[in-house]
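Everything on this sheet refers to the single structure shown next.
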Amino acid sequence: MDIQPRTSLVVYVSSLRQVRQLKRYGHLEYVSKRMRYAIIYVNEDAAKETIGRLKQLRFVKRIIESPRNELMDLLGLSGEPEAKDDQINFEEDEE
């Protein structure tokens, strides 16, 4: 069983009435009633396509993609060897 790389999308909506429709596009994890946004998880390889489809919905105001994967690569916590060239080295600054 392979683990699918996923990313989270924060979707701001104009009305909470249509939030149930977001279940079609990914796993609906959290809905903030006061701030009117929802967090959905989608597969990383289909994220750009899903964002394009979500932008076409009338009730969607704004979509923010999680920067978690880029931050993990930058800090060297992803475990990928090619990301080590770009990572921040905190040990050199202590001198």
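Residues take their numbers from the sequence shown, with the count starting at 1.
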Q: Report the distance from atom CG of Leu9 to atom CG of Leu22, rounding to the nearest 0.5 Å.
A: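 Answer rounded to 0.5 Å: 10.0 Å.
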
Q) Measuring from Arg6:CZ to Ile40:CD1, what's the distance to the nearest 0.5 Å? A)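 Answer for the CZ-CD1 pair, Arg6 versus Ile40, is 9.5 Å.
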
Does [X] share a hydrophobic cluster with [Y], counting links as ILVMFWY side-chain heavy atoms below 4.5 Å and allowing steps through other members?
X     : Y     : answer
Ile63 : Leu57 : yes
Val60 : Tyr41 : no
Val13 : Val10 : no
Leu75 : Met72 : yes

4.5 Å side-chain heavy-atom contact, [X] and [Y]:
X     : Y     : result
Glu65 : Thr7  : yes
Thr50 : Asn43 : no
Glu44 : Asn69 : yes

Tell me the closest heavy-atom pair linking [X] and [Y], and the distance in Å.
X     : Y     : answer
Val42 : Tyr25 : CG1-O, 3.3 Å
Tyr12 : Met35 : CD2-O, 4.2 Å
Ile39 : Ser8  : CG2-CB, 4.2 Å
Leu28 : Ala38 : CD1-CB, 3.8 Å
Ser32 : Leu16 : O-CD2, 4.1 Å

Q) Take atom CZ in Arg20; do more than 12 heavy atoms of anything else shown fall under 6.0 Å from it? A)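 12 or below, so no.
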
